[in-house]
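A short write-up of the structure that comes next.
Below, chain A is the first sequence line, B the second, and so on; all start at residue 1.
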Amino acid sequence: MPEGHSIHRAAIDQRRELVGDSIRTSSPQGRFEEVGLLDRRVLVEIDAWGKHLFYRFAPRGRARKDTWLHVHLGLYGGFTRHASLPPPPPRGAVRLRMIGARVAIDLAGPTVCEVLDDKGRAAVLARLGPDPLRKTRDGGDGREAARRLHASGRPIGGLLLDQSLVAGIGNVYRAEILFLAGIDPARAGSELSAGELANVWGLSKTLLAAGVRDGRIDTAQFLRGADDVEAMPGRRGRSKRTLVYHQHTCRRCGEAIRTGTMGARTLFWCPHCQQ
DNA sequence: AGACGATGCGGAC
DNA sequence: TCCGCCTCGTCTT
C-alpha cells in the first residue's frame with residue numbers, strides 16, 4: 001500500500017468524505033489509548049507530507065488549540081472504507097475507527113498513530129525533505145531536493161529512500177525513477193550533474209502524481225513500447241506495473257535486471273541502461 | 001496450522 | 001547491520 005502516492009490518494013479521498021464532520025473515534029483493537037482526545041471533534045483538514053498523514057481536529061469545549069492526529073502506515077498499514085452507516089463490526093485488528101456523517105474509515109497496522117500538538121507536528125515535518133507531490137515549500141522546482149542530494153557522497157540509490165532528503169519515495173519508485181533517469185544507483189549524489197538531479201526530481205513528480213491519479217503504481221506507461229508489461233498480483237486487488245522492480249529482463253534493452261541491497265532494501269536496476 | 005513476505009523505519013548493537 | 005514492530009493474503013506442510 002504505502003509509498004507517497006498512496007498517502008496523498010488517501011488524503012484526497014478522506015478529505016472529500018470526512019472533512020467538516022464531527023468525528024466519532026474509537027480504537028476497537030485498543031492499542032490507541034489517546035483516541036478519546038479526538039472523539040466528537042470536527043475534522044477541519046487532512047494534510048499529507050511524504051508518507052505522513054496529519055488530520056487537524058478543531059478544539060472542543062473550552063480548549064483553544066487544534067489537535068493533530070499523525071498517521072504513518074509503515075510497511076503494511078492500510079485503510080478500509082465503509083460507505084454504509086453505521087459501519088459493520090470491525091474486521092481484524094483495527095487500531096482506529098473514524099465515523100463521520102457520510103462514511104467510516106478503519107485504520108489497521110500503522111507504524112504510527114498518535115495525537116500531536118502544533119509543536120509535535122512541526123518536529124515531524126522538520127525531519128522531512130521536500131515532497132515532490134506538494135506545490136509549496138520547494139515541492140515546486142526541486143532546487144532544495146537537488147541541494148540535499150548533491151550534498152552527500154553516498155550512493156543515490158540509498159539517498160532516495162532517505163525521507164529527510166526527499167519525502168515520499170519508497171522502494172518501488174526509487175528503482176523506477178533511477179531506471180527512467182538512466183542513472184546507476186551506485187553513483188554518489190555529489191557526483192550527479194544539475195541536469196541529472198533535475199531529471200530525478202521531475203520523474204519523482206511525474207511518477208508519483210500518476211500513482212495518485214491511477215490509485216496504483218504503473219510506471220510502465222512511461223516507457224514507449226512497454227504497454228505489454230504484465231501487472232503483478234497485488235494483495236488487495238490493486239496490481240502494479242513496473243519496469244525494473246521485481247522484473248527479470250530489461251524492457252528497453254533485454255539485459256538481465258540486477259538485484260542487490262542498498263539502503264537496507266532490495267534494489268533492482270539495469271546495468272546497461274543505467275550508467 | 002504455520003511460514004513467509006511486503007511499497008517502512010526506529011533503535012539497539 | 002540487524003532486529004522487531006504488527007498485519008494479513010498466499011503459499012506450504
Atom NE2 of A:His72 and atom P of B:dG8 are separated, to the nearest Å, by 8 Å
On a heavy-atom basis, which atom in A:Ile99 and which in A:Ala104 lie closest, and how many Å separate them? CG1-CB, 4.1 Å
Whole-Å P distance, B:dG10 and C:dC8: 23 Å
Could you name each residue pair satisfying salt bridge (charged side-chain N to carboxylate O under 4.0 Å, His left out) that touches residues 181-191 of chain A, not counting sequence neighbours? A:Arg187-A:Glu191, A:Arg187-A:Glu196
Minimum side-chain heavy-atom gap A:Phe57-A:Val115 below 4.5 Å: no
Which of these nucleotides, B:dT7, C:dC8, B:dG10, is closest to any side-chain atom of A:Ala93? C:dC8
CZ of A:Phe268 versus P of B:dT7: gap in Å, rounded? 8 Å
Whole angstrom value for the distance that separates C1' of C:dT7 from CZ of A:Arg95: 10 Å
In whole Å, what separates the P atom of C:dG9 from that of B:dC9? 23 Å
Nearest-Å distance for atom pair CD/P, residues A:Glu3 and B:dC9: 9 Å
A:His52 has an atom NE2; how far is it from atom C1' of B:dC9, in whole Å? 9 Å
Could you tell me which residues satisfy salt bridge (Lys or Arg N to Asp or Glu O under 4.0 Å) with A:Arg16, sequence neighbours excluded, listed by chain and number? A:Asp13
Determine whether a donor-acceptor pair (N or O, by modelled atom type, separation under 3.5 Å) exists between the side chain of A:Arg251 and the backbone of A:Ala226. no
Scan residues 107-121 of chain A against DNA chain B and write down, sorted by residue number, each residue with any heavy atom closer than 4.0 Å; if none is found, say none. A:Thr111
Below 4.5 Å, heavy atoms only, C-beta onward: do A:Ile177 and A:Ile169 meet side chain to side chain? yes
When A:His5, A:Lys240, A:Gln221 are each screened for side chain to side chain donor-acceptor pair (under 3.5 Å) with A:Asp214, the one that passes is A:Gln221
Is the shortest distance from a Lys or Arg side-chain nitrogen in A:Arg15 or A:Glu45 to a carboxylate oxygen in the other one below 4.0 Å? no
Atom pair distance, as rounded to whole Å: CD1 in A:Ile177 and P in B:dT7: 15 Å
With a 4.0 Å cutoff (strictly under), does any side-chain N or O of A:His5 reach OP1 or OP2 of B:dT7? no
Whole Å only: how far is the CZ atom of A:Phe79 from the C1' atom of B:dT7? 15 Å
Please list, chain by chain and in numerical order, all residues satisfying ring pair (Phe, Tyr, Trp, His ring centres under 6.0 Å) with A:Tyr55, sequence neighbours excluded. none
Protein-nucleotide distance (A:Arg174, atom CZ; B:dC9, atom C1'), rounded to Å: 14 Å
Within the structure shown, what part of the strands sits under 4.0 Å from A:Gln29 by heavy-atom distance: base, sugar-phosphate, or nothing? sugar-phosphate
How far does the P atom of B:dG5 sit from the matching atom of C:dT13, given to the nearest Å? 13 Å
Which residues within residues 159-173 of chain A lie with some heavy atom under 4.0 Å of an atom in DNA chain B? A:Gln163, A:Gly170, A:Asn171, A:Val172
Please set out all donor-acceptor pairs under 3.5 angstrom arising from side-chain atoms of residues 257-271 of chain A, sequence neighbours excluded.
none

Taking only the C1' atom of each, what is the distance from C:dT1 to B:dT7 in whole angstrom? 22 Å
